[in-house]
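Computed from a prediction, not measured in an experiment: that's the story for all the values here.
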Amino acid sequence: MGSSRAVLLPGTASDGVFVRSVFAAPLASAGLSLITPSGATVEEHLAALDAAYLGEPLIVGGVSLGAHVAAAWAARTPERCAGLLLALPAWSGPAAGAPAALAAAVSAEVVERDGVDAALAGVDGWLGAELSRAWRGHGAALAGVLRAASSTAAPTLGELAALDVPAGVAACTDDPVHPLAVAQQWAAALPRGALRTTTLAELGADRTALGRAAVAALLESRAGADGATRSRVRDSRGVVTGPDGRGR
């Protein structure tokens, strides 16, 4: 793989606390160290990736928007990328019409008009707690962060196809905001892409479920899975599933 350092970025208005809760333990089990740069904007994330590069190619990735930014950075500087960990990609190419982009745009409007509490009304359980902590950490900048993310293009499938490095993609089969179909497209486009899945219920009970899925996919990719294996999906337990997430 060429590196034991994984630089992973958070999703829209999320934070390093969530990234560490998802990835720290699975990466440690694989002998990899986790770096979670500070920053909130796309520009800050790109600058953090540039700063983390010390001459040895990096494993880069993240969650949702963080996965988009890391993959875009890798496409721009492929010689600096040793591998990809891409959790919950939300769209490819332009953001227009993607559920996650629409949600971010609407949330920005509500935050700006009525405040964070109003924007999070009805968002309960573990997700509500995660968003409440992370969003409040952005203070007055939150609406701008959400709005900017809602219009940020992700890498195109053509750009992903040029990234010939080990790549682990992870998705939740029941997540309408980060559709499984997008993760399948990313994994299929990446020359060495492998996909593993989990569920929102598993993620709620154990944040590492998503990290385990992504790291397992990366390790599968490193092992040189053949085309037949790559065309299938494995869940976080290693069970082979079809495109609909059902066991085979």
Side-chain angles (χ1 to χ4, degrees), residues 1 3-38 45 52 58-71 82-90 100 123-135 137 166-180 182-184 186-187 193-223 225 233-241 245 247:
M1 182 179 294
S3 179
S4 62
R5 300 166 66 224
V7 185
L8 303 184
L9 306 173
T12 300
S14 185
D15 60 13
V17 174
F18 181 70
V19 174
R20 288 189 291 274
S21 71
V22 168
F23 283 104
L27 285 171
S29 295
L32 302 172
S33 61
L34 172 62
I35 300 170
T36 54
S38 60
H45 290 328
L58 300 164
I59 302 165
V60 299
V63 180
S64 189
L65 180 71
H68 299 185
V69 174
L84 295 163
L85 277 168
L86 307 169
L88 306 180
V123 184
D124 300 317
W126 70 270
L127 180 58
E130 291 284 354
L131 292 180
S132 180
R133 184 203 66 252
W135 283 20
V169 183
C172 290
T173 57
D174 54 351
D175 185 349
V177 178
H178 305 89
L180 174 61
V182 173
Q184 291 172 324
W186 278 45
L195 174 63
R196 295 278 184 112
T197 66
T198 184
T199 66
L200 288 175
E202 290 176 325
L203 178 57
D206 179 2
R207 304 292 183 273
T208 66
L210 182 62
R212 290 198 310 271
V215 171
L218 179 63
L219 295 178
E220 178 183 337
S221 175
R222 288 179 64 190
V233 180
R234 295 175 184 268
D235 68 13
S236 59
R237 298 158 296 178
V239 176
V240 176
T241 65

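- Put simply, NE2 on H68 and CG on L9 are 12.0 Å apart, with the number rounded to the nearest 0.5 Å.
- Side-chain atoms of S221 come within 3.5 Å of backbone N or O of A167 as a donor-acceptor pair.
- To the nearest 0.5 Å, the span separating OG1 on T36 from CZ on F18 amounts to 13.0 Å.
- For the pair P89 and A170, the tightest heavy-atom approach, listed with the atom from each and the gap, is CD-O, 3.9 Å.
- Partner of C172 under the side-chain contact (heavy atoms from CB on, under 4.5 Å) criterion, out of T199, T197, L88: L88 alone.
- Between V63 and F23 there is a side-chain heavy-atom pair separated by less than 4.5 Å.
- S33 places a side-chain N or O within donor-acceptor distance of the main-chain N or O of S4, the cut-off being under 3.5 Å.
- When all heavy atoms of A209 and E202 are compared, the closest pair comes out as CB-O, 3.9 Å.
- Smallest separation of non-hydrogen atoms from A171 and L195: N-CD1, 4.3 Å.
- With hydrogens and angles disregarded, no donor-acceptor distance shorter than 3.5 Å links the side chain of H178 to the backbone of S64.
- With contacts defined as side-chain heavy-atom distances shorter than 4.5 Å, the pair V19/S14 does not qualify.
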**Message:** The test is side chain to side chain contact (heavy atoms under 4.5 Å, CB included); show your working for T198 and R212 and say whether it passes.
**Reply:** CA-CA 9 Å; T198 184; R212 290 198 310 271; over 6 Å; no
**Message:** Please evaluate residues V60 and L84 with respect to the criterion side chain to side chain contact (heavy atoms under 4.5 Å, CB included), reporting the C-alpha separation (whole Å), side-chain torsions for both, the decisive distance (0.1 Å), and the verdict.
**Reply:** CA-CA 5 Å; V60 299; L84 295 163; 3.7 Å; yes
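- Here the straight-line distance linking atom CG of L203 with atom OG1 of T208 works out to 9.0 Å at 0.5 Å rounding.
- One N or O on the side chain of S29 and one on the backbone of A25 form a donor-acceptor pair closer than 3.5 Å.
- A side-chain donor-acceptor contact under 3.5 Å links R5 to the backbone of A52.
- Among all heavy-atom pairs drawn from A87 and A67, the shortest one is O-CB, 4.0 Å.
- Taking CG from L200 and CG from L127, the interatomic distance works out to 8.0 Å, rounded to the nearest 0.5 Å.
- Contact detail for A30 and V215: the closest heavy-atom pair is CB-CG1, 3.9 Å.
- Contact detail for P166 and R222: the closest heavy-atom pair is CB-CG, 3.8 Å.
- Residue T12 holds its OG1 atom at 9.5 Å from CH2 of W135, rounded to the nearest 0.5 Å.
- Here the side chain of S132 pairs no donor or acceptor atom with the backbone of A129 at under 3.5 angstrom.
- To the nearest 0.5 angstrom, L131 atom CG is 11.0 Å from D124 atom CG.
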**Request:** Give the intermediate values and the outcome of side chain to side chain contact (heavy atoms under 4.5 Å, CB included) for residues L27 and L85.
**Result:** CA-CA 10 Å; L27 285 171; L85 277 168; 3.7 Å; yes
